[in-house]
Amino acid sequence: MSISKRILFLVAHFRVSKRILVLSAYVLCEWFLIVPDPLPMALFVFVAQPFFAFAGFIYILEVIEELKQRGVL
Amino acid sequence: MDITTAIKIIGMVVILIGIILCIGVSKTSLYSPLYKRIAPLAFLVVPFFVVALGNYHVLEGSQKVSSCVRCHVMAPMANDMMDPQSTTLAARHYKNGWIVSKQCFTCHKDYGLNGTIKAKLDGFRHLVKYTLRTYEEPTRFVGRFNNQNCLNCHRGTPNFEAIKSHHTIRNRLETSQTNCTHCHGFPHPTPLERTPGTARYDELMKGEMVHERRRP
């Protein structure tokens with residue numbers, strides 16, 4: 001099993017939803033832009049950005065896997 | 001409208017677009033053509049712009065005094081700066097109008113977009129400590145006072161060049177081996193004055209900027 005498949009398997013196993021990750025990151029970012037207090041800033045820096053990065057990473061892995069299945073890659 | 005406010009509004013609109021796209025993605029089937037069109041926007045393109053705009057807001061949008069004073073520990077510094085009776089360096093700069101706006105940032109430039117990596121890491125460290133409340137008052141300056149923050153404005157001015165000692169120790173000043181504060185006094189209230197429980201601390205916490213901090 002390839003590494004990307006293993007990661008996607010783990011993601012599915014732990015029911016990590018990239019939609020929920022991205023939505024919560026968007027909400028945290030909006031909060032920070034409206035109220036630039038230390039707590040929203042910390043949540044933006046240390047929570048929202050990793051959420052975006054992780055969701056993007058999962059999405060890219062899914063695309064790679066689909067392309068592999070189609071024989072493009 | 002300044003550029004920071006404009007970028008803030010753009011950021012808020014982009015986030016709303018992202019949220020709408022994300023809701024759209026969750027309502028479409030994983031194998032539908034619509035999903036393939038909007039998913040890259042919702043998961044990659046819009047987040048990229050949101051993170052860029054958010055980081056711009058972190059680094060450049062937090063330069064106003066009212067932004068600095070949102071942290072409780074900064075209130076004594078800002079209140080002292082705005083006290084006409086105070087003789088600290090910050091207060092003298094403020095009451096004489098030597099720095100017209102962004103008074104904190106002008107002397108603490110390292111935090112900005114063009115500042116050093118070390119200053120950014122220090123900023124993150126302060127953010128973590130403040131959020132988790134793992135700090136003790138009075139806060140203490142860690143590191144070496146950077147004379148460049150003073151020399152950026154004072155270097156080459158007639159008043160600065162007229163002082164003989166500035167030439168005698170020029171190299172030491174440029175390399176921050178001798179601090180400006182050694183001769184010109186404290187930039188802010190001393191740690192003793194900022195210690196909770198002291199009379200001076202209570203005075204410093206009662207200033208105008210405490211109310212500014214509470215404004216939405």
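In what follows, chains are A, B, ... by sequence order, proteins preceding strands, each numbered from 1.
- Atom CZ of B:Arg125 has more than 12 heavy atoms from other residues, nucleotides or ligands within 6.0 Å.
- Heavy atoms of B:Thr131 lying under 4.5 Å from chain A belong exclusively to its side chain.
- Around atom CZ of B:Arg140, no more than 12 heavy atoms belonging to other residues, nucleotides or ligands sit under 6.0 Å away.
- Scanning residues 6-17 of chain B against chain A with a 4.5 Å heavy-atom cutoff picks out B:Lys8, B:Gly11, B:Met12, B:Ile15, B:Leu16, ordered by number.
- Looking at every heavy atom in both residues, B:Pro47 comes nearest to A:Phe52 through CB-CD2, 3.4 Å.
- With rounding to the nearest 0.5 Å, the separation of CG in B:Leu21 from OH in A:Tyr26 is 6.5 Å.
- Other residues, nucleotides and ligands contribute at most 12 non-hydrogen atoms within 6.0 Å of the CZ atom of B:Phe49.
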Start with the C-alpha distance between A:Leu39 and B:Tyr130, add both sets of side-chain angles, then the distance that settles side-chain contact (heavy atoms from CB on, under 4.5 Å), and finish with yes or no. CA-CA 9 Å; A:Leu39 178 64; B:Tyr130 185 79; over 6 Å; no
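- Of all heavy-atom pairs spanning A:Cys29 and B:Val50, the tightest one is SG-CG1, 3.6 Å.
- Contact annotation for A:Phe32: both backbone and side-chain heavy atoms come within less than 4.5 Å of a heavy atom of chain B.
- Under a cut-off of 6.0 angstrom, the local environment of NZ in B:Lys95 is crowded, with over 12 non-hydrogen atoms contributed by other residues, nucleotides or ligands.
- Nearest heavy atoms, B:Cys22 versus A:Arg19: SG-O, 3.8 Å.
- Of the two parts of A:Phe46, only the side chain, counted from C-beta on, holds a non-hydrogen atom closer than 4.5 Å to a non-hydrogen atom of chain B.
- For chain A, the nearby part of B:Ala42 is the backbone; its heavy atoms alone come within less than 4.5 Å.
- In the displayed structure, B:Leu132 atom CG is contacted under 6.0 Å by more than 12 heavy atoms of other residues, nucleotides or ligands.
- Heavy-atom distances place no part of B:Phe48 under 4.5 Å from chain A, backbone and side chain included.
- The interface of residues 54-64 of chain A with chain B, defined by heavy-atom distances below 4.5 Å, comprises A:Gly56, A:Tyr59, A:Ile60, A:Glu62.
- Other residues, nucleotides and ligands contribute at most 12 non-hydrogen atoms within 6.0 Å of the CD atom of B:Glu136.
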